[in-house]
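Working notes, beginning with the structure itself.
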Amino acid sequence: MVNFHSKPLHENSPWLMLPSQYQPEEQHIITKHSRFFLNVSTNQVHRFELPENDHEKTVCGFSADWLILLDDQNSSLTLLNPFSGHQVNNLPQLPPNGVVHKATLSSDPLRNPRDYKVLAIFGEKRNLICYEDGDQEWTVLQGYGNEYDDFLASTDKEWLAVNELGRLILCDLNCRFTLEYNERALPLFFNGVKVYLVSLRERIFMLLSFSGTSYDFWRQSYHDNLRRFEVYYYGEKKWHYITDLGKRTIFLGHNHSVAVCDAPGYRHNCIYFTGDEEGEIDNSGVFSLKDGEAERLQWFMPSTSVLQGNL
């Protein structure tokens, strides 16, 4: 039995929530509330029983050890810590006529119960919206532009956000009434499908995804539906194209991505990815930056022992 309440095993160790289709090789009593998490550093799978009704909600993000869940019934977000079992259910309804593409937290609501924020990419135009504890409604960040693809927390008061063209901005959310941003990198006018942000040891990486039933990448044509990537790092107020991640491995997800150094059992200088849509597993694989090739791979189906967690 894993006791997460005495010493959290997830500290300094990235965890990935496996798709609902995951079925462990070992015999376990699995209910409709069961969800499995992979500890990348140990390559062990942990099973948790989510609270009733939460298993039916859409995962919009994972931040500061919290799942951010979309309740389609009442158009609102709820927060769930799968390690401690704590929940936050008092967020206001989302603005009308829109969907949450991704959401993240500024800090842990348990450690900062009166000073945390939720940032989300929302609506058809993919605008940025923000909630601060105690607000009665969401704030649409006017003037920030739209078509955002990803963001990540820089500090507990600032976020970095990138749009589909690679325009990087720093959002200062320290004051709810004077939201400010600084443009950190100009657009590069990419030809890819989607842009991702990943951080590791204070270094920011941007991943540009190419995908489709038929597309060109590195002057070659592909028809396998697998994604290929270009990788850039941010420095001196601009993006720099790179082809070598060293010993880093990037795990790319629909609602959360992480970079890891020396991940046991995983290839260095590679990107492990799922399909473009949430829950899509048929077009998952691993992309090598060394040779620019992608391999179809069900990497999220590890044949490891399953440990049960407390929730």
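Side chains included, hydrogens not; waters and symmetry mates left out as well; all remaining heavy atoms used.
- Checked options Val195, Leu160, Val198, Val231; the residue passing with Met206 is Val195 (criterion: side chain to side chain contact (heavy atoms under 4.5 Å, CB included)).
- Atom CG in Leu141 sits 12.5 Å away from atom CZ in Phe122 (nearest 0.5 Å).
- Shortest non-hydrogen contact noted between Asp71 and Lys57 is OD2-CE, 3.8 Å.
- Taking all atoms of both residues into account, the shortest heavy-atom contact from Ala103 to Leu77 is CB-CD1, 4.3 Å.
- Smallest separation of non-hydrogen atoms from Gly246 and His268: O-CB, 3.6 Å.
- With Trp138 contributing its side chain and Pro92 its backbone, the two residues share a donor-acceptor pair below 3.5 Å.
- Shown here for Ser76 and Gln93, the closest heavy-atom pair between the two residues is CB-CA, 4.3 Å.
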Salt bridge (Lys or Arg N to Asp or Glu O under 4.0 Å) evaluation trace for Arg126 with Asp149: CA-CA 8 Å; Arg126 303 204 302 278; Asp149 273 353; 3.0 Å; yes
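- For the atom pair OH of Tyr148 and CD1 of Ile121, the computed distance is 9.5 Å after rounding to the nearest 0.5 Å.
- The closest side-chain heavy-atom distance from Leu208 to Tyr196 is not below 4.5 Å.
- The aromatic ring centroids of Phe205 and Tyr234 lie 6.0 Å or more from each other.
- In this structure, Tyr272 and Phe251 have parallel ring planes: the angle between them is below the 30° cut-off, well short of the 60° mark.
- Val99 and Leu128 fall into different hydrophobic clusters, where Ile, Leu, Val, Met, Phe, Trp and Tyr are joined by side-chain heavy atoms under 4.5 Å apart, directly or via other members.
- Environment of CG in Asn74: crowded, with over 12 heavy atoms of neighbouring residues, nucleotides or ligands closer than 6.0 Å.
- Counting only heavy atoms from C-beta outward, the side chains of Phe229 and Leu252 approach each other to under 4.5 Å.
- Leu289 contributes atom CG, which lies 11.5 Å from atom CZ of Arg248 (distance to the nearest 0.5 angstrom).
- Atoms CD and CZ, on Glu230 and Phe287 in that order, are 8.5 Å from each other to the nearest 0.5 Å.
- Separation of atoms OG (Ser106) and CG (Leu119) is listed at 9.5 Å; rounding is to 0.5 Å.
- Considering only heavy atoms from C-beta on, Tyr116 comes within 4.5 Å of Leu105 through its side chain.
- Using cut-offs of 30° and 60° for the angle between ring planes, the His240 and Tyr233 rings count as parallel.
- Side chain of Asp150 to main chain of Leu197: a donor-acceptor pair is present (N/O by atom type, distance under 3.5 Å, no hydrogens or angles).
- At a threshold of 4.5 Å between non-hydrogen side-chain atoms, the residues Thr104 and Val118 do not count as touching.
- Atom CD of Glu137 is surrounded by 12 or fewer heavy atoms from other residues, nucleotides or ligands within 6.0 Å.
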Where do Leu79 and Asn81 land on the side-chain contact (heavy atoms from CB on, under 4.5 Å) test, with the steps shown first? CA-CA 7 Å; Leu79 310 179; Asn81 189 316; over 6 Å; no
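- Using a 4.5 Å heavy-atom cutoff, the side chains of Asp133 and Asn112 are not in contact.
- For Asp108, the side chain to side chain donor-acceptor pair (under 3.5 Å) partners are Trp66, not counting sequence neighbours.
- Residues passing the salt bridge (Lys or Arg N to Asp or Glu O under 4.0 Å) test with Arg203: none are found, sequence neighbours excluded.
- Residues Ser199 and Leu152 share a closest heavy-atom pair of N-CD2, 3.9 Å.
- The closest side-chain heavy-atom distance from Thr58 to Leu69 is not below 4.5 Å.
- Salt-bridge check for Glu295 with Arg267: passed, with a basic side-chain N closer than 4.0 Å to an acidic carboxylate O.
- Side-chain contact between Ser288 and Glu293 is absent, with no heavy atoms from C-beta onward closer than 4.5 Å.
- Looking only at side-chain heavy atoms (C-beta outward), Tyr144 and Cys171 come within less than 4.5 Å of each other.
- Rounding to the nearest 0.5 angstrom, the gap separating the CD1 atom in Ile242 from the CG atom in Asn269 is 8.5 Å.
- For Leu94 against Leu70, the heavy-atom pair with the smallest separation is CD1-CD1, 3.7 Å.
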